[in-house]
Amino acid sequence: PTFGPALAGALEDLETGAGFALFTGFPFARYSYDEALLCYAIVSAHLGVIVEQTHKGDRKIDVTDKGLPYDHKTRGYSSNKLLPFHTDGADIVGLLSLGKAAEGGLSILVSAASVYNAILAERPDLLAVLQRGFHHHRRGEHEAGEAAVSAERIPVFAFHVGILHCCYNRNPVEWAVKDGVVLTDLEHEALDYFDAVAARPEMQIRMELEPGDIQYVNNYAVLHSRTEYRDDGAHKRHLVRMWVNAHDTRRAGP
């Protein structure tokens, strides 16, 4: 009864507003790790259905520096390296902050519609390439016997019932080349231009997630990135990621 209006407002922001919402002051210090995750899951479940993030069935991911490289055999959440702008694999991605780094680790958001509009105005010839899309390397998130690369091209930009959807992650596109996918010069140019537009400072909102913050992002409307970071003995960046498919969303394309 008390928190309901705030949750409703967050869902409205995610669906028809800026495409993200941030709650601050979550009192995680009162709880054990498991209790804090349960509270986080309850809040997330008001926005939709918490879904699996890996082929192993994980419904929560601890985003910490595990000392692993960021390449086609690992996932970015196990590294402290820069994560380029991308979208995740569900309607909404949530991040609960339990600790921040000694240095770096900023969360950066960019409007997919703003990127689309800039390319439309400046290089409309590249939109056909981006709307055709790319094959993605599946980074080990597939069953035995299945192909390592997506069978279908995944559009970067697509319209469904008149509403823009964005799905972008350049690294899996580049890593698909290792398994025989060929990228043309024009496709490289389109990817480079997309990245250059997203890198413009005026396109970005930057935030440092403080312990107790919960950030939710609409993956079809907003791209997110993370700067490289460094932990030390007193400061360790620790986020917990959940993926949520919204109960009722305008962006429900195939």
Can you give each donor-acceptor pair under 3.5 Å made by side-chain atoms of residues 41-50, sequence neighbours left out, with the distance rounded to 0.1 Å?
unit_1, atom_1, unit_2, atom_2, d
S44, OG, Y40, O, 2.9
S44, OG, Y216, OH, 2.8

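In this pair, Y31 and F26 present their aromatic rings tilted. The plane angle is within the 30 to 60° band.
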Step-by-step side chain to side chain contact (heavy atoms under 4.5 Å, CB included) determination, L98 to L96: CA-CA 6 Å; L98 297 177; L96 165 65; 3.9 Å; yes

V115 and F194: side chain to side chain contact (heavy atoms under 4.5 Å, CB included), yes or no, with the steps? CA-CA 7 Å; V115 175; F194 185 105; 3.8 Å; yes

Would V240 and I61 count as a side chain to side chain contact (heavy atoms under 4.5 Å, CB included) if you check the C-alpha gap in whole Å, the side-chain angles of each, and the deciding distance to 0.1 Å? CA-CA 6 Å; V240 184; I61 295 290; over 6 Å; no

So L127 and L120, side chain to side chain contact (heavy atoms under 4.5 Å, CB included) or not? Walk me through it. CA-CA 7 Å; L127 282 179; L120 177 64; 3.5 Å; yes

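A donor-acceptor contact shorter than 3.5 Å is absent between the side chain of N80 and the backbone of R230. For the pair S225 (side chain) and L83 (backbone), a donor-acceptor distance under 3.5 Å is present. Side chain of D231 to backbone of A101: no donor-acceptor contact under 3.5 angstrom is found. Proximity of a side-chain donor or acceptor of T64 to a complementary backbone N or O of K66 within less than 3.5 Å is not detected. The backbone N or O of H136 lies less than 3.5 Å from a partner atom in the side chain of S150, making a donor-acceptor pair. A donor-acceptor contact shorter than 3.5 Å is absent between the side chain of N117 and the backbone of S114. A distance-only check finds a donor-acceptor pair linking the side chain of R226 to the backbone of K81 [under 3.5 Å]. In this structure a side-chain-to-backbone donor-acceptor pair under 3.5 Å is missing from E228 to G105.
Taking the side-chain contact (heavy atoms from CB on, under 4.5 Å) definition, one finds that A148 meets it with H137, H142, D179, sequence neighbours left out. With sequence neighbours left out, T249 forms a side-chain contact (heavy atoms from CB on, under 4.5 Å) with E15, D91, A246, R251, A252. With sequence neighbours excluded, no residue satisfies ring-ring contact (aromatic ring centres under 6.0 Å, His included) with F85. By the side-chain contact (heavy atoms from CB on, under 4.5 Å) test, S107 pairs with L109, M207, L209, Q215, sequence neighbours left out. With sequence neighbours excluded, the residues satisfying side-chain contact (heavy atoms from CB on, under 4.5 Å) with A113 are S111, L164.
Here V149 sits in one hydrophobic cluster together with V181; the rule is ILVMFWY side chains under 4.5 Å apart, joined directly or through other members. Connectivity analysis of hydrophobic side chains (ILVMFWY, heavy atoms under 4.5 Å, direct or indirect) links V161 to I163.
Residue pairs satisfying the salt bridge (Lys or Arg N to Asp or Glu O under 4.0 Å) criterion with at least one member in residues 194-204, sequence neighbours excluded, are listed as follows: E122-R200, R170-D195. Identified under the salt bridge (Lys or Arg N to Asp or Glu O under 4.0 Å) test for residues 29-51, with sequence neighbours left out: none. Sorted by first then second residue, the salt bridge (Lys or Arg N to Asp or Glu O under 4.0 Å) pairs that include residues 145-161, not counting sequence neighbours, are R138-E146, R153-E187. Residue pairs satisfying the ring-ring contact (aromatic ring centres under 6.0 Å, His included) criterion with at least one member in residues 96-122, sequence neighbours excluded, are listed as follows: Y116-F157, Y116-F159.
Within the model, atoms CD of Q204 and CG of L223 stand 11.0 Å from one another, a figure rounded to the nearest 0.5 Å. With values rounded to the nearest 0.5 angstrom, S97 atom OG is found 10.0 Å from L22 atom CG. To the nearest 0.5 Å, the span separating CG on L239 from NZ on K100 amounts to 12.0 Å. Between the CZ atom in R132 and the CD1 atom in I154 there is a gap of 14.0 Å [rounded to 0.5 Å]. Rounded to the nearest 0.5 angstrom, L183 CG and F134 CZ are separated by 6.5 Å. A distance of 9.0 Å separates CG of N218 from CZ of R250, quoted to the nearest 0.5 Å.
Of all non-hydrogen atoms in A21 and L14, the two that sit nearest each other are N-CD2, 4.2 Å. Minimum heavy-atom separation, A18 to V222: O-CG2, 3.5 Å.
A 4.5 Å side-chain heavy-atom check between P124 and I119 finds every atom pair outside the cut-off. Within the 4.5 Å cutoff, side-chain heavy atoms of R139 are placed close to those of N169. For the pair D65 and Y229, the minimum side-chain heavy-atom distance is below 4.5 Å.
With respect to D58 and K56, no salt bridge is recorded, no charged nitrogen being found less than 4.0 Å from a carboxylate O. Under 4.0 Å is where a charged nitrogen must lie from a carboxylate oxygen, and between R241 and D88 at least one such pair does. For the pair K60 and D62, the salt-bridge criterion is met [side-chain N within less than 4.0 Å of a carboxylate O].
No path of Ile, Leu, Val, Met, Phe, Trp and Tyr side chains, each step under 4.5 Å between heavy atoms, connects I108 with L82, placing them in separate hydrophobic clusters.
In D232, the CG atom is crowded: over 12 heavy atoms of neighbouring residues, nucleotides or ligands sit closer than 6.0 Å.
In this structure, the ring of H86 has its center no less than 6.0 angstrom from the ring center of Y168.
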